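I have placed the structure first, in the form of structure tokens, so that the comments after it can refer back to it.
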2 protein chains.
Amino acid sequence: MEKKRVSIRDLAAILGVTPSTISRALNGQGNISEKRREQITKLAKEHGYRPNHIAKSMVANKTFNIGLLLPEFTHNYFNKILAGIESVTYQKGYQLLICTSDELQEKEEKSCLTFLDARVDGILATAGNSSDDLRHFENVLKDGTPLVLLDRICEDLNTSYVVTDDFEGSFEAVQYLIDSGCSNILHIKGPDYISTSFNRKLGYTEALKKNGMEYREEFVLKGDQKAFEKDLNAVLDKHPIDGVFAFSDYYAYDVIQILNHRAVKIPDEISIIGYADEPLAQYISPQLSTVKQPAYEIGKHAAEILFKIIEEKTDEIITKQLKTTLVLRGTTKGT
Amino acid sequence: MEKKRVSIRDLAAILGVTPSTISRALNGQGNISEKRREQITKLAKEHGYRPNHIAKSMVANKTFNIGLLLPEFTHNYFNKILAGIESVTYQKGYQLLICTSDELQEKEEKSCLTFLDARVDGILATAGNSSDDLRHFENVLKDGTPLVLLDRICEDLNTSYVVTDDFEGSFEAVQYLIDSGCSNILHIKGPDYISTSFNRKLGYTEALKKNGMEYREEFVLKGDQKAFEKDLNAVLDKHPIDGVFAFSDYYAYDVIQILNHRAVKIPDEISIIGYADEPLAQYISPQLSTVKQPAYEIGKHAAEILFKIIEEKTDEIITKQLKTTLVLRGTTKGT
DNA sequence: TTGAAAGCGGTACCAC
DNA sequence: GTGGTACCGCTTTCAA
């Protein structure tokens, strides 16, 4: 335990040269005789010398660490984002400092501080539900640490981001429901205060409008809440619902469970489209039609943008909106 | 960009005192007048002073970072392990440096080096498939960095670990199949060279033996390979198979798909038990009976063990084996 | 080509 | 109670 690692000074002492010579030899720069270099490289290897990353960070004022803040990892969506990010950080030789926010404002704030204190070279983050207080992100910006937002957007935050075109994706889904004959379409909306909820609902309402269909307040239910089953049953009792567009595949799954209880035939009586193309979409039967998001690409692009900002030391704000794909499976009819 | 952060020396200059005074005041130790302390605390806050974690790490020779190496995150199992780990690192004030190995020896080795170079205070890792070369882990040990292995065990590595009792879990599952009337039970085995594959297969063979049933080589198929469907169909054609015990829920799912093609009734004609209790187990119908692993607890315990080793600077080897639970759902008959 | 020394941002020991 | 200073491990400028 507590073994001391061999330092550049140790090597210097052995050879009777100075630390600077060792440093130069090992870093391949500065003038140094080929003989010395070989000698030192060999010695370093023999002694298992490994440069102290911490010390390097301190003098370079650069850590080669990126802070990544995600809500959680239970959704496959975020895993794929992580994989996309890693694909670029790995080959760039950067490390990921990962924090999860659990959608909690407090953890979000703490994570930002942690990242700043750790002197990360940049931050990739998904903003949480409560967009009321953005000070922690503003502090990041004020601090001069590059920040790229993922998945969700914060209107009031003047920074780079990568999102998917939720409006377009939703619009397309609802349009499909309409084209395949649905005329009483429910929307199961997502959590308040996150941009994706807003945009997906907007896609729904605009699709209705464009097709001359009436928007009804009572056709929009909030998923993920205790009263959901009761609420849904109430609408189903009252209205001839024939289509459902859900904020997520999980909400869609909940709907299907309830419809199964009511012995509703899917998609003959009611068509359903979810969102995200989580694995469950393929496991349930009938398989769930859904809007697929390019999660891996979101992560990849976000990381690439972050590196562009870091490496070019630019203040430029880069934004990117990726397209979704409507994946038709068993819970929808053909058009 | 490139804003300089305020340092302890800056504050010292403003107040006309020395850096040591500032340090003492901010760290609440050493003798210092209450007045000074208040004055300095106030000044630090005004200037948004934040201690440089890198510098602290350097002098303390401690980073408060833990390296975490996992194969990937697409399996819910690893997410839950991560959540368990985070629950303890978070409250201990440690950060997680995360690398994924994709089960690749090369990435595993590189990650270990990365962790060591980053001077993490400890490492939590899942060993990959190829246990032939363990040098990277041995280097970690030799370096004196505490290492706790997760999920899979390496016989030849003398270090702490947390695993689940795969033998017991498998034995119990196969025993259940036997008790519920199965007499020709297939095992779909996992990847070679990982301890879990070995132990789960052992549970299968031992359960057969204990019940006086013959072990047949041809009743053990390797999942996750091109020829799997062909192989499985071949056995099904030749033998009156009535039970399947799979290395993972995903393998079980593959089996079910093939059985569905053959219009086999589950569980009436063939019972199936998977492993891990991944979400898909609940999504498919009939729902999959499976062996549930306490993933969150594995992570939690592993992290706790690691901290015990770090904090007590002990060389003690701590091992823990957690129990699984047999979760009976729709793919098995009652006993 | 190599050496000497300052400095990155803190901490801690020893004086006063 | 506060100041002075060496040092953590490395890089880099300036001199020799």
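These figures come from a predicted structure and were not determined experimentally.
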**Study point:** A:E38 CD - C:dT1 C1' separation (whole Å)
**Key:** 16 Å

Review point. When you check the gap from the basic side-chain N to the acidic O, do B:E103 and B:R152 get nearer than 4.0 Å?
Key: yes

Revision key, fill the gap. Between CG of B:N31 and P of C:dA15 the distance, given in whole Å, is 17 Å

Review point. For the pair made of NE2 in A:H53 and P in D:dT11, what is the distance, rounded to whole Å?
Key: 11 Å

**Study point:** Salt-bridge present (B:R5, A:D143; N to O < 4.0 Å)
**Key:** yes

Check your understanding: Taking atom P of C:dG3 as reference, at what distance in whole Å does atom CZ of A:R24 sit?
Key -> 8 Å

Check your understanding: Whole Å only: how far is the CG atom of B:L26 from the C1' atom of D:dG1?
Key -> 16 Å

**Study point:** Phosphate contact (D:dT11 OP1 or OP2) by A:S23 side-chain N/O below 4.0 Å
**Key:** yes

Check your understanding: Roughly, in whole Å, what's the span from CG in A:D117 to P in C:dG10?
Key -> 10 Å

Check your understanding: Is there a side-chain polar atom (N or O) of B:R36 under 4.0 Å from OP1 or OP2 of D:dT2?
Key -> yes

Exercise for review: Starting at atom CG of B:D10, determine the distance to atom C1' of C:dG7, rounded to an integer number of angstrom.
Suggested key: 14 Å

Practice item. Take A:I298 and A:Y77 through the test side chain to side chain contact (heavy atoms under 4.5 Å, CB included) and record every step on the way to the result. Key: CA-CA 10 Å; A:I298 293 177; A:Y77 177 62; 3.2 Å; yes

Practice item. With sequence neighbours excluded, tell me which residues meet salt bridge (charged side-chain N to carboxylate O under 4.0 Å, His left out) with A:E38. Key: none

**Study point:** Inter-end axis angle, the helix from C:dT1-D:dA16 to C:dC16-D:dG1, with every axis fitted to five base pairs (rounded, 10 degrees)
**Key:** 50°

Study note, to complete from the structure: Applying salt bridge (charged side-chain N to carboxylate O under 4.0 Å, His left out) to A:K56 and not counting sequence neighbours gives none

Practice item. Find the distance A:I22:CD1 to C:dT1:C1' and express it as a whole number of Å. Key: 14 Å

Distances under 3.5 Å between protein N/O atoms and the N/O atoms of nucleotides 5-9 of chain D, please, pair by pair.
{"from": "D:dG9", "atom 1": "OP1", "to": "A:K4", "atom 2": "NZ", "distance (Å)": "3.3"}
{"from": "D:dG9", "atom 1": "N7", "to": "A:R9", "atom 2": "NH2", "distance (Å)": "3.1"}

Study note, to complete from the structure: side chain to side chain contact (heavy atoms under 4.5 Å, CB included) with B:Y49: of B:I40, B:L26, B:I22, only one passes, and it is B:L26

Review point. Under the ring pair (Phe, Tyr, Trp, His ring centres under 6.0 Å) test, which residues partner B:F64, sequence neighbours left out?
Key: B:Y94

Point to revise | Ion pair check, A:E106 and A:K110, cut-off under 4.0 Å | key: no

Name the atoms and distances for all side-chain donor-acceptor pairs under 3.5 Å in residues 305-312 of chain A, with sequence neighbours left out.
{"from": "A:K308", "atom 1": "NZ", "to": "A:E312", "atom 2": "OE1", "distance (Å)": "3.2"}
{"from": "A:K308", "atom 1": "NZ", "to": "A:E312", "atom 2": "OE2", "distance (Å)": "3.3"}
{"from": "A:E311", "atom 1": "OE1", "to": "A:K92", "atom 2": "NZ", "distance (Å)": "3.3"}
{"from": "A:E311", "atom 1": "OE2", "to": "A:K92", "atom 2": "NZ", "distance (Å)": "3.1"}

